[in-house]
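Bear in mind that the values here come from a model prediction, so they are computed numbers and not experimental data.
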Amino acid sequence: MRIRQRGTAGPTEAGIRDFALLQAAGFCGSMATRCLEIAVAWWMLDRTGNDALLGIVLGLGIGADVLSRGALGCVGDRFRPQRVILCCFLASACISGALTGLAFAGVYHLWIVLIGVSLLGVSLGVREPLLMSTIRSLIDASAVAGAVRVRSAMMSLSSFAGPIVAGVLIVPWATRPYSARRAPSLSCAPSWWPS
């Protein structure tokens, strides 16, 4: 990527560094969200024995993500995008912590879990387009196309790798025969997981 000379207006090496940090944060945030959605869905399946809940939780998280990208795209126009991105990251961290705490405490409330997964999806759906829109303000105009390709590749990788990582993390706890019977269906997740 090209960096503008110090004497000209626009992004510099600091912009490249900021772009790289934002991309790393976005990648880790997307991976964490996908892993947590799958882990929570698996936890609900284990707690209830209801196969439909697995699909409902996964569909709810993905649906909230997809719908909020279109419906809440104006949030970045009304407020400073950097502040919205930060709030989305903080909201995702708080919601993830709350859902993880509930799971470790063994406290199961269906509606709390469904609302939490929905809010994770909304947070991801608002954050990701804004991260993409920040590229132009950080990178020299001649390097924007390359930066967009990098960003798109990172998001595709997180959508593909998230279910794989979640499966690897879940398998040690899937010792019950009930859970082990369902492991093959989740191992196919990367082939149908949307980006």
If a pair satisfies salt bridge (Lys or Arg N to Asp or Glu O under 4.0 Å) and one of its residues is in [range], list it, with sequence neighbours excluded.
{"range": "residues 91-116", "answer": "none"}
{"range": "residues 89-112", "answer": "none"}
{"range": "residues 93-111", "answer": "none"}

Are [Y] and [X] connected into the same hydrophobic cluster when the rule is that any two of I, L, V, M, F, W, Y join if their side-chain heavy atoms are below 4.5 Å apart?
{"X": "L157", "Y": "M155", "result": "yes"}
{"X": "L119", "Y": "V66", "result": "no"}
{"X": "L130", "Y": "V148", "result": "yes"}
{"X": "W42", "Y": "V40", "result": "no"}
{"X": "W43", "Y": "L36", "result": "yes"}

Under a 4.5 Å cut-off applied to non-hydrogen side-chain atoms, are [X] and [Y] in contact?
{"X": "V165", "Y": "M31", "result": "yes"}
{"X": "L45", "Y": "N50", "result": "no"}
{"X": "L22", "Y": "D18", "result": "no"}
{"X": "V75", "Y": "L72", "result": "yes"}

Heavy-atom closest contact ([X] atom, [Y] atom, distance):
{"X": "P129", "Y": "R69", "value": "CG-CG, 4.1 Å"}
{"X": "V126", "Y": "S68", "value": "N-OG, 4.0 Å"}
{"X": "S152", "Y": "M132", "value": "OG-CE, 3.8 Å"}
{"X": "R127", "Y": "G29", "value": "NH2-C, 3.6 Å"}
{"X": "S30", "Y": "E128", "value": "OG-OE2, 3.2 Å"}

Can you tell me how far [atom2] of [Y] sits from [atom1] of [X], rounded to the nearest 0.5 angstrom?
{"X": "L131", "Y": "F27", "atom1": "CG", "atom2": "CZ", "result": "13.5 Å"}
{"X": "C87", "Y": "I85", "atom1": "SG", "atom2": "CD1", "result": "10.5 Å"}
{"X": "L60", "Y": "L120", "atom1": "CG", "atom2": "CG", "result": "10.5 Å"}
{"X": "T48", "Y": "L53", "atom1": "OG1", "atom2": "CG", "result": "4.5 Å"}
{"X": "T33", "Y": "I62", "atom1": "OG1", "atom2": "CD1", "result": "11.5 Å"}

With a 3.5 Å cut-off and sequence neighbours excluded, list the donor-acceptor pairs that the side chains of residues 93-118 form with protein atoms.
residue	atom	partner	partner atom	Å
S96	OG	S92	O	2.7
T100	OG1	S96	O	2.7
S118	OG	L114	O	2.9

Residue pairs passing the side-chain hydrogen bond (donor to acceptor under 3.5 Å, both in side chains) test with at least one member in residues 73-91, sequence neighbours excluded, are none
Per the side-chain hydrogen bond (donor to acceptor under 3.5 Å, both in side chains) rule, what does the pair list look like for residues 20-29, sequence neighbours excluded?
Q23-R151
Using side-chain contact (heavy atoms from CB on, under 4.5 Å), reason through L54 and M44 one step at a time and then give a plain yes or no.
CA-CA 7 Å; L54 178 80; M44 289 181 66; over 6 Å; no
S123 side-chain N/O to C88 backbone N/O, donor-acceptor pair under 3.5 Å
yes
